[in-house]
Amino acid sequence: MDNNFLSVSLIRHYFTHAANLEFKAAIITSENRLGRLDILPGHANMIAVIFNSLVIKTVDGATNVYFFTKGILEVSGNTVNLMLEEKID
């Protein structure tokens, strides 16, 4: 397993009709009920409910930002699965 990046799978309901996107990310930032949540390669396994925004900085330096009301984030190894609902315009 390569520990230099996160393999990210993003399912976006209400964005582009449940489109699936795949990224290789350097860092993922969102927030949960406790505050800001940063996920880096090597992060502990976890599942969290996330809110408001998601920022994915890819390994090539691009930054993708998504605004939403709620979502689920799952980290297992260096794999991150995300499902976002209810886009905020």
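In what follows, every heavy atom counts, from backbone to side chain, and hydrogens, waters and symmetry copies are set aside.
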Worksheet item: Hey, what do you get for OG1 (T29) to NZ (K57), rounding to the nearest 0.5 Å?
Response: 10.0 Å
Discussion item. Grouping I, L, V, M, F, W and Y whenever their side-chain heavy atoms are under 4.5 Å apart, do I47 and I28 come out in a common cluster?
Written reply: no
Worksheet item: Are I72 and F68 connected in the hydrophobic side-chain network, where two residues link if heavy atoms are under 4.5 Å apart?
Response: no
Fill in: Test item: L37 and E31 side chains (from C-beta on) under 4.5 Å apart, heavy atoms
no
Discussion item. Show the nearest heavy-atom pair for residues S53 and S30, with the distance to one decimal.
Written reply: O-OG, 2.7 Å
Worksheet item: Transitively linked via ILVMFWY side-chain contacts under 4.5 Å: V49 with I56?
Response: no
Worksheet entry | Set of side-chain hydrogen bond (donor to acceptor under 3.5 Å, both in side chains) partners for N45, sequence neighbours left out | none
Worksheet item: Taking the side chain from N64 and the backbone from V55, do they hold a donor-acceptor pair closer than 3.5 Å?
Response: no
Discussion item. Taking I27 as the starting point, is it possible to reach I39 by hopping between hydrophobic residues whose side chains are less than 4.5 Å apart?
Written reply: no
Worksheet item: How about L54 and V65: do any of their side-chain heavy atoms sit closer than 4.5 Å?
Response: no
Item to complete: Please report the closest heavy-atom contact between L21 and Y66, naming both atoms and the distance.
Response: CD1-OH, 3.7 Å
Fill in: Distance-minimising heavy-atom pair for R33 and F51
N-CE1, 3.9 Å
Worksheet entry | Step-by-step side-chain contact (heavy atoms from CB on, under 4.5 Å) determination, I50 to L84 | CA-CA 9 Å; I50 55 175; L84 308 180; 4.0 Å; yes
Worksheet item: Does T58 reach the main-chain N or O of K24 with its side chain, forming a donor-acceptor pair under 3.5 Å?
Response: no
Worksheet entry | Path from L40 to V75 over hydrophobic side-chain contacts below 4.5 Å | no
Worksheet, complete the sentence: What one should report as the nearest heavy-atom pair of V8 and A25 is CG2-CB, 3.7 Å
